[in-house]
S.K.: 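First the structure, which I've put down as structure tokens, then a few questions once you've had a look.
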Amino acid sequence: MELATVLRSKMHNHPLRNRIVAAFVTLTFIVSSVFSFVIFKVFHYVEEQTVSRELDHKLSYYIYDIRSNEHAVMQVLGVQIFASNSATHPIPEELAHLKFGFTEIVQANHALHAYRRVINGIDYLVIQDQDNLETYEHALYDGMVVGFILSVLVAALMGWLLAKRLAAPLVKLTEEVSERDLAKPSPVPLAVGYGNDEIGRLARAFDAAFAQLDMALQRERLFTSDVSHELRTSLMIIAAASDMLLKSKTMNNKDHQYIEHIKTASEDTTKLVQAFLILARSKREESEVSEKITLRAAANTQLEKWANEFKLKNLELILEERGSSGEFLNAVFLDTVMSNLLRNALYYTDQGIVRIILETNQLSIEDTGMGIPVEEQARIFDPFYRAANPIVDGFGLGLSLVQRICRHQGWRVDVKSIVPRGSIFTVTFMPISP
């Protein structure tokens, strides 16, 4: 049972074309093998019956017709006849073990037919040379082998041609589905180019699934646009009110700091809402016309923004520039990626240093925190996944957002642990012209 399951699993891993060819070859191999075996058996049966009748007739002729000159008769008949009561032609000892009826004797360089029968109490043995017939048999066997091989090769060729023809609509449908841009629904359904067969029904199923998906995306876009609009309106009011309060001369320093925090949080939330809105629209060109900032400038802004938070936790935040970092990148996305990576480092680092490392087309955030086990490194970018840390609050969406942004922009984010402890997140990107 397990073997059958394994074989089915391996077969399903191969392309459909290969499976069709394999089915053709296997079927032809089985049919040809059975057919060749049947021909072989039938030939031997017919040979035995025919030669037995022939030798029986010759034996009867020898006994009843012209017994007077045994040697001459045997020459005429083309056989050798031995008898148990014959003084001149007794049955040889080496042939005495032969069974009654037909027997084929194949020696090193010689082939004989033997026929043994008891008539009137006398044991007769007829021997006939069959070298010529054996030559024909070998020719027949060689022809069967050649035919068998040719049939398998022809089956493979026919299977390949048929598989190519049968798989062509499926390959075409696969390419059309793979090339379908979900952000731009096609006005022409997939099923238009297919008939009412299994491929056509599959195309119609894809059309129905794409239609439902398009409706869901439309609802998500509308929801995102509405929520973003309302949030930005509220955030603009908060930012304006914060500016007015900051200009007031009646507040003490502590109140002034609170208002600064409110304004900073409002600005960060506005950028975050803008990032979510661009990601929801899935339009790369929209991000390319957004505000640009150099990696160095973005890092300096983040260093100034997070310096106090790291200081309160007795952590050292360092900026290291190891290569050219003057590339222009999307300001909203770069700010969001760096903020989330620094927040993650702040949450999971209890002591030591956090470094912002700038290199050519690359940003790294290195910490001396608890590190990330290898088995968890592939999951930390999943939505709502959080590493085990009871003092950290949140929904586990920060790193997921970082990965979504990187995929949207064609960037790449990687993570690895550092010995003896800590981890480093690396974002590799290509610069965008200002």
Side-chain angles (χ1 to χ4, degrees), residues 21-160:
V21 173
F24 260 80
V25 173
T26 302
L27 181 61
T28 303
F29 180 85
I30 295 174
V31 172
S32 298
S33 299
V34 173
F35 186 70
S36 300
F37 178 78
V38 170
I39 290 179
F40 178 80
K41 287 297 183 181
V42 168
F43 178 83
H44 272 274
Y45 176 78
V46 172
E47 178 187 25
E48 179 178 346
Q49 296 301 315
T50 303
V51 175
S52 295
R53 287 196 297 268
E54 178 186 356
L55 295 182
D56 186 72
H57 291 159
K58 290 183 178 182
L59 178 60
S60 298
Y61 180 81
Y62 170 80
I63 294 173
Y64 299 111
D65 290 344
I66 45 175
R67 182 86 184 275
S68 57
N69 190 341
E70 296 181 0
H71 184 71
V73 171
M74 286 189 288
Q75 284 187 333
V76 171
L77 297 177
V79 295
Q80 286 182 308
I81 301 176
F82 303 95
S84 58
N85 64 344
S86 175
T88 57
H89 295 88
I91 298 177
E93 293 183 2
E94 64 272 15
L95 301 177
H97 67 281
L98 294 179
K99 66 180 181 178
F100 289 93
F102 175 83
T103 303
E104 185 175 9
I105 304 172
V106 179
Q107 299 174 346
N109 297 316
H110 201 47
L112 303 172
H113 280 158
Y115 180 73
R116 190 172 185 180
R117 181 182 175 186
V118 176
I119 300 176
N120 298 326
I122 302 173
D123 187 2
Y124 290 98
L125 177 63
V126 183
I127 301 296
Q128 178 176 263
D129 185 280
Q130 68 140 359
D131 286 341
N132 292 335
L133 184 59
E134 190 70 16
T135 302
Y136 296 143
E137 287 185 9
H138 283 301
L140 175 62
Y141 297 153
D142 292 342
M144 289 175 57
V145 172
V146 172
F148 176 80
I149 296 173
L150 287 178
S151 64
V152 173
L153 294 177
V154 170
L157 178 60
M158 292 181 62
W160 182 79

S.K.: Tell me the salt bridge (charged side-chain N to carboxylate O under 4.0 Å, His left out) pairs involving residues 78-103, sequence neighbours left out?
M.R.: none
S.K.: Would you say that more than 12 heavy atoms from the other residues, nucleotides or ligands in this model lie under 6.0 Å from the CG of Asn120, or not?
M.R.: no
S.K.: What is the distance from atom CD1 of Ile105 to atom CG of Leu98, rounded to the nearest 0.5 Å?
M.R.: 4.5 Å
S.K.: Under a 4.5 Å cut-off applied to non-hydrogen side-chain atoms, are Arg116 and Asp123 in contact?
M.R.: yes
S.K.: Atom OG1 of Thr103 and atom NE2 of His97: how far apart are they, to the nearest 0.5 Å?
M.R.: 8.0 Å
S.K.: List the atom of Ile81, the atom of Leu59, and the distance in Å for their closest heavy-atom pair.
M.R.: CG2-CD1, 4.0 Å
S.K.: Does the side chain of Glu54 come within less than 4.5 Å of His113's, by heavy atoms?
M.R.: no
S.K.: Show the nearest heavy-atom pair for residues Leu55 and Ala114, with the distance to one decimal.
M.R.: CD1-C, 4.3 Å
S.K.: Looking only at heavy atoms, which two atoms of Ile122 and Ala83 are closest? And how far apart?
M.R.: CG2-CB, 4.2 Å
S.K.: Nearest 0.5 Å please: distance from the OG atom of Ser52 over to the NE2 atom of His57.
M.R.: 11.0 Å
S.K.: Hey, can you pull the donor-acceptor pairs under 3.5 Å for the side chains in residues 23-39, sequence neighbours left out?
M.R.:
from  : atom 1 : to     : atom 2 : distance (Å)
Thr26 : OG1    : Ala22  : O      : 2.7
Thr28 : OG1    : Phe24  : O      : 2.8
Ser32 : OG     : Thr28  : O      : 2.8
Ser32 : OG     : Ser151 : OG     : 3.1
Ser33 : OG     : Phe29  : O      : 2.6
Ser36 : OG     : Ser32  : O      : 2.8

S.K.: Kindly compute the distance separating CD1 (Ile119) from OH (Tyr124), expressed to the nearest 0.5 Å.
M.R.: 6.5 Å
S.K.: How long is the gap from CZ on Arg117 to OG on Ser60, to the nearest 0.5 Å?
M.R.: 5.5 Å
S.K.: Can you tell me how far the OG1 atom of Thr50 sits from the CZ atom of Phe102, to the nearest 0.5 Å?
M.R.: 9.5 Å
S.K.: Can you list the residues that meet the salt bridge (Lys or Arg N to Asp or Glu O under 4.0 Å) rule with Arg53, with sequence neighbours excluded?
M.R.: none
S.K.: Are the side chains of Phe100 and Val118 in contact, using a 4.5 Å heavy-atom criterion?
M.R.: yes
